[in-house]
Amino acid sequence: MVRINLGIGRTDSMKKRGERTKRHLNLKNDEANHITLLGKSGYGKTTIMRGMVEEIYSSYSDAGIPPIIIVIERKVDTSKPKKVIEIFHEETEKSTEKHIYRKYGDGIWNYIEHYVKELEKDKDLRYGLMGDFAIGFPNILGKYTKAGMDEYKTLLGRHGLSPAAYPARRFVFRPRRDIEDIAFDNGPLTEVINSKLAYPDMPFEIIADMNNLGEQTRYSAILKNIWDISKIRDPKEVLMIAEGSENPNSGPSQTYLRIEETMNRLKTDLLFTGDLENSFLTKLTNKKINILDFSQNSELETYEECLIFKLVVQNAINVAIKYRIPVFFVVDEVQNFMKDKNGKWAIDKILREGRSLCINLICATQYTDNLPKDILIGSSHIGIMGKLASNTDTKTLEKLIPDFKDVVDFDEPGSLSEYENLKKKLRFRGYFSYNKDYTEHIEYRQPQSL
């Protein structure tokens, strides 16, 4: 069993009056620990997930069982670099260098200074697109920002934390920017890989989905026989075999032309490679936090993202069986995957096989309406950020969590200014239901990365 720091809970009667209570969540090694986070946009779901990722990485590594963590990132954040610049100038203008170094750390502040200088002289707009999960970039924002009404304590300080960067391996598919620029934007501990799918990793069903091959067609049957039954996964060899079945006294058949079209796409598309050693699946690691960059850095269609997700889940199951290693999938905006059969397959597979293999799903969404019931029913724990997005969600959770009505109470604003103040107050705060049996108000742990 591994304990992760979840945040600050309500006052514990077993502790001294007024003493803050750190809340730890026990993650069991012999079963799944699925966590679903719910709440409106802007209340900090992604931020809280980043904090959980860091805690899981550190806690499991300290226990000598480093897990494979796979984060699916969906967007970049242009506001983060602007905030870094703003903080840098404000701090350098009002504080001494000694004070700044003591507050943020020498190495971290020197890096921030270097980053800001490069950003400000960037005339070609190469930089400034930091990821939502900038795990490799230290969180000076959390050290700078005041927390609640306590003007002497920062968001990180309330949790006894300091800015830190975590080793990350970022997988970018058909990159829209230079790899070096993406790495620079995401911090000094970030490695970026121009990622490709290797032919040998791809079963025929993936080929068929990507090329809209009809199941009952002759070309589909021939190609499936070559690719899956004979295990020949080299486009050149496939075309040679298909050509051998052609009538030499006539022109190419429609069957051959369709196979040729499919193989040519594999040969020319930058997403694919014939070199198994360059498959991104071989580069997934438990020494760093893996980030599948499905943001604007990668040129991917939604169905391609879901196919990649499916391949990663299949690979994770094999790794979990072979090495008995914990696996954590962290999926923001999980509802996007439920609209595609391959994305839904991947989520269902984690939920079905997670318990026996210790494959865990941590996911976040605004609404429960479009989610299969298995996600909520199968979740060991459910967290709420700020407020729920709909009354339907409230009714759903009342059925799942016995103490929900007694504990969870959302303030309703009476004016616009009251709403704005309430949103600030509730950001990074909410409720957490442990094993869906005990629910409490909580201030979630801040991430040490940006």
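Quick note: residue numbers are just sequence positions, from 1.
With respect to Arg126 and Asp181, a salt bridge is recorded, a charged nitrogen being found less than 4.0 Å from a carboxylate O. Taking 4.0 Å as the cut-off between side-chain N and carboxylate O, Asp201 and Arg233 do not count as a salt-bridged pair. Under 4.0 Å is where a charged nitrogen must lie from a carboxylate oxygen, and between Glu191 and Lys287 no such pair does. Between Lys117 and Glu120 there is no salt bridge, since no side-chain N of the basic residue sits under 4.0 Å from a carboxylate O of the acidic one.
Of all the heavy atoms in Ile362 and Met49, the pair that sits closest is O-CE, 3.6 Å. The minimum heavy-atom distance linking Glu91 with Lys94 is given by the pair OE1-CE, 3.1 Å. Scanning both residues, Glu299 and Glu304, for their nearest heavy atoms gives O-OE1, 4.3 Å. When all heavy atoms are compared, the tightest approach of Arg445 to Asn5 is CD-O, 3.4 Å.
In this structure the side chain of Leu129 never reaches within 4.5 angstrom of the side chain of Gln296, judged on heavy atoms. Proximity of Tyr303 to Asn342: side-chain heavy atoms (C-beta onward) are nowhere separated by under 4.5 Å. Two residues are said to be in side-chain contact when any heavy atoms from C-beta on lie closer than 4.5 Å; Leu450 and Lys83 fail this criterion. The side-chain heavy atoms of Pro81 and Tyr115, taken from C-beta on, include a pair separated by under 4.5 Å. Counting heavy atoms from C-beta outward, Ser58 and Tyr166 have side chains that approach closer than 4.5 Å. With a 4.5 Å cut-off on side-chain heavy atoms, Asp332 and Ile72 do not count as touching. Side-chain atoms of Lys196 and Leu270, non-hydrogen and from C-beta on, do get closer than 4.5 Å to each other. At least one side-chain heavy atom of Leu6 sits less than 4.5 Å from a side-chain heavy atom of Met52.
Side-chain contact of Asn278 with Thr273: a donor-acceptor pair under 3.5 Å is absent, judged by distance alone.
In this structure, the separation between CG on Asn194 and CZ on Phe171 is 11.5 Å, given to the nearest 0.5 Å. Atom OG of Ser41 is separated from atom CE of Met385 by 13.0 Å, given to the nearest 0.5 angstrom. Expressed to the nearest 0.5 Å, how far CD1 of Ile384 lies from CD1 of Ile401 amounts to 6.0 Å. To the nearest 0.5 Å, atoms CG (Leu416) and CG (Asn421) are separated by 9.5 Å. Here the CD1-CD1 distance, from Ile179 to Ile193, works out to 9.0 Å after rounding to the nearest 0.5 Å.
Between Phe337 and Phe309, the ring-plane angle classifies as tilted under the 30° and 60° cut-offs. Relative ring orientation between Tyr434 and His381 is described as perpendicular, the plane-to-plane angle rising above 60° on a 0-90° scale split at 30° and 60°. Using cut-offs of 30° and 60° for the angle between ring planes, the Trp109 and Phe88 rings count as parallel.
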Would you check, one step at a time, whether the test side-chain contact (heavy atoms from CB on, under 4.5 Å) holds for Ile350 with Val327? CA-CA 10 Å; Ile350 296 171; Val327 179; over 6 Å; no
Mind running side-chain contact (heavy atoms from CB on, under 4.5 Å) on Phe428 and Ile48 for me, showing each step along the way? CA-CA 7 Å; Phe428 311 130; Ile48 301 313; 4.1 Å; yes
Assess the residue pair Val71 and Leu292 against the criterion (side-chain contact (heavy atoms from CB on, under 4.5 Å)); give the C-alpha distance rounded to whole Å, side-chain angles, the decisive distance to 0.1 Å, and a yes or no. CA-CA 6 Å; Val71 178; Leu292 302 187; over 6 Å; no
List the steps and the verdict of side-chain contact (heavy atoms from CB on, under 4.5 Å) for Lys40 and Lys423. CA-CA 10 Å; Lys40 288 184 177 182; Lys423 188 169 183 179; over 6 Å; no
Test salt bridge (charged side-chain N to carboxylate O under 4.0 Å, His left out) on Arg50 and Asp132 and set out the steps. CA-CA 9 Å; Arg50 199 165 71 249; Asp132 254 355; over 6 Å; no
Step by step, work out the salt bridge (charged side-chain N to carboxylate O under 4.0 Å, His left out) result for Glu205 and Lys310. CA-CA 11 Å; Glu205 64 188 73; Lys310 181 176 183 177; 2.4 Å; yes
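Remark: Lys436 NZ is packed, more than 12 non-hydrogen atoms of other residues, nucleotides or ligands lying under 6.0 Å away.
Remark: aromatic rings of His34 and Phe329 are distant, center separation not under 6.0 Å. When ring centroids are compared, Phe280 and Phe173 come within the 6.0 Å threshold. Ring-centre distance between Tyr104 and Tyr144: not below the 6.0 Å cut-off.
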Could you list the donor-acceptor pairs under 3.5 angstrom formed between side-chain atoms of residues 312-319 and any protein atom two or more places apart in sequence or on another chain?
from: Asn318; atom 1: ND2; to: Gln314; atom 2: O; distance (Å): 3.3

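Results of the side chain to side chain contact (heavy atoms under 4.5 Å, CB included) test with Tyr60 over Ile69, Ile68, Ile65, Asn286 single out Ile65 as the only residue that passes.
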